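Just so we're on the same page: letters track the sequence lines, and every chain starts at 1. Only a predicted model underlies this, so the values are computations on that prediction, with no experimental measurement involved.
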2 protein chains.
Amino acid sequence: MAEGATITGVQRRTVAEDVYNALKRDIITLRHRPGASLTEQELAGLYGSSRVPVREACGRLQQDGLLTNQPFKGYFVNQISLNEIGDCFDLRLLLETYALELAASRATTDDLSRLEEIAATEYTYHDWESYADFLDRNLEFHIRLAELSRNGRLVAILRDLLGGMQRFFFLGLDLGDFASEMRSEHEQLVELLHRRDPDNVISCVRNQIQSSRDRILRALIDDRIELPLR
Amino acid sequence: MAEGATITGVQRRTVAEDVYNALKRDIITLRHRPGASLTEQELAGLYGSSRVPVREACGRLQQDGLLTNQPFKGYFVNQISLNEIGDCFDLRLLLETYALELAASRATTDDLSRLEEIAATEYTYHDWESYADFLDRNLEFHIRLAELSRNGRLVAILRDLLGGMQRFFFLGLDLGDFASEMRSEHEQLVELLHRRDPDNVISCVRNQIQSSRDRILRALIDDRIELPLR
DNA sequence: TGTATACAAATTGTATACGAAAAACAACTT
DNA sequence: AAGTTGTTTTTCGTATACAATTTGTATACA
């Protein structure tokens, strides 16, 4: 869901879709800074389309929690606040552990094999271009993981939540080279699922989420970006 | 969030907003049956606007999980499946108990007083028109309750989830006269929050959600609507 | 100087027209 | 009768033009 025009999984190339992806990426990679003001006209110029596809893209980004519309003033890139980061991570913990609890009992060996293939994803430290790609694949991994819960609505919610958090994750990546660390975290999770070890799966994902949160908070404290404290 | 054009809480009347609300209500009250096919043109005619606001409305309803778009075929009202009902209720249990857990420790006496005012909402048995209004106010109550958690993202998720479940709730209402029962359930919850009794708050809401689920499943078994079994 | 008012500018909201892509259908071939 | 091809119809996607609404500004007046 929230994936635009789809034909049973195949995505049609539409201008609105392109604008959505491009704009989203630019927000996530902080090319558009939190608080920045963007008008439809401006965006239409920037991304080479008319205002109609821009409107559609902005509408979706509003639901993604990345943009806010102020009538007759324009769109504004949502601020990143410590509160919001905390809220999101609390929810991520709640929902992702729940998903894995279900997955541990419902996933087949086949499912897990398929998952292994995309667990192996890394990025190149200091290569900003690779960050965005990594974030996409990392998101896909977590979504596939969630899909093992066999609860479609849960997957949709997690997709939205994690999608909205990509911007946070981006902050954490440049802080240090965690590429291989994160990769082995992925593989460890799949391994534990293979062993049908629900308790350890839960505590494992819990630790991973905590360390992800810590990475990001450390990046913020390192003054990598100025942000409102509440 | 997900509330269309807003000026600090005040909602502007826009055609797209009207179409969204009207169409949503018609889907929730089953005026558009699950599986029904709707084209943009058709909807524009039905709701007296051009296709542009219809597109926007349908886009939002897709994210709400009420519509699906099949390119070049039209929009289709999503089916109601037992699986989906189960999934949604599982999530509701998880998220709403979590929200109340937070609320129990974070809500002020003032918050609770304000909540009491909207807890008292009923519907008139067999008066279908009153059902939709009741569902709206009931949703508002649960959202306000969730807001006491002070986790804005959680509120947004619950708004989407419960919003998408309105159609299920609708089914349950006509099964019997639960108006006063639901009202006292609301009041009981607020009462327990007042007493700062977290454990009982949780078990209370758990019971209420269970009985809500049972009502709906009973309505379905009573063959009130034909639906796919998986 | 302060305030009210009228006007101009900026921005979004909506309708409409046109084009592209897919689906539905019919005619044709084998 | 089945499959294939070509045409028509349907439906969506996009650009553009215009209307509605708000904001900001300048001006007149007290």
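Applying the ring pair (Phe, Tyr, Trp, His ring centres under 6.0 Å) test to Y98(A) and every residue at least two apart in sequence or in another chain returns nothing. Partners of D18(B) by side chain to side chain donor-acceptor pair (under 3.5 Å), not counting sequence neighbours, listed by chain and number: R13(B). Residues satisfying the salt bridge (charged side-chain N to carboxylate O under 4.0 Å, His left out) criterion with E122(A), sequence neighbours excluded, are R183(A).
Residue T14(A) places at least one side-chain N or O closer than 4.0 Å to OP1 or OP2 of dT14(D).
Relative to the side chain of T39(A), the nucleotides dA24(C), dT11(C), dC12(D) differ in distance, and dT11(C) lies closest. Which of dA21(C), dA20(D), dG13(D) sits closest to the side chain of F72(B) comes down to dA21(C).
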Would you be so kind as to tabulate the donor-acceptor pairs closer than 3.5 Å made by side chains of residues 139-147 of chain A, with sequence neighbours excluded?
{"unit_1": "E140(A)", "atom_1": "OE2", "unit_2": "R144(A)", "atom_2": "NH2", "d": "2.9"}
{"unit_1": "H142(A)", "atom_1": "ND1", "unit_2": "E96(A)", "atom_2": "OE2", "d": "2.5"}

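As rounded to whole Å, 13 Å separates atom C1' of dT22(D) from atom CG of N69(A). Here dT11(D) presents its C1' atom at 13 Å from CG of L43(B), a figure rounded to the nearest Å. Atom pair Q70(B):CD and dT11(D):C1' shows a separation of 13 Å (rounding to whole Å applied). Regarding Q41(B), its CD atom lies at a distance of 14 Å from the P atom of dA15(C), rounded to whole Å. One interatomic measurement links the two molecules: CZ of R55(A) to C1' of dT14(D), which rounds to 14 Å at whole-angstrom precision.
Legend: ring pair (Phe, Tyr, Trp, His ring centres under 6.0 Å) pairs involving residues 73-96 of chain B, not counting sequence neighbours: none detected.
Between the side chains of S130(B) and D133(B), no donor-acceptor pair of N or O atoms lies under 3.5 Å.
Toward the 5' end of DNA chain C, the nearer of the two residues K73(B) and E40(A), judged by each one's closest nucleotide, is E40(A).
Pair assignment for dT27(D) gives dA4(C), based on Watson-Crick or G-U wobble hydrogen-bonding distances that are each under 3.5 Å.
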Can you give me the N/O atom pairs linking the protein to nucleotides 15-17 of chain D at distances under 3.5 Å, or say none if there are none?
{"unit_1": "dA15(D)", "atom_1": "OP2", "unit_2": "S50(A)", "atom_2": "N", "d": "2.8"}
{"unit_1": "dA15(D)", "atom_1": "OP2", "unit_2": "S50(A)", "atom_2": "OG", "d": "2.4"}
{"unit_1": "dA15(D)", "atom_1": "O5'", "unit_2": "S50(A)", "atom_2": "OG", "d": "3.4"}

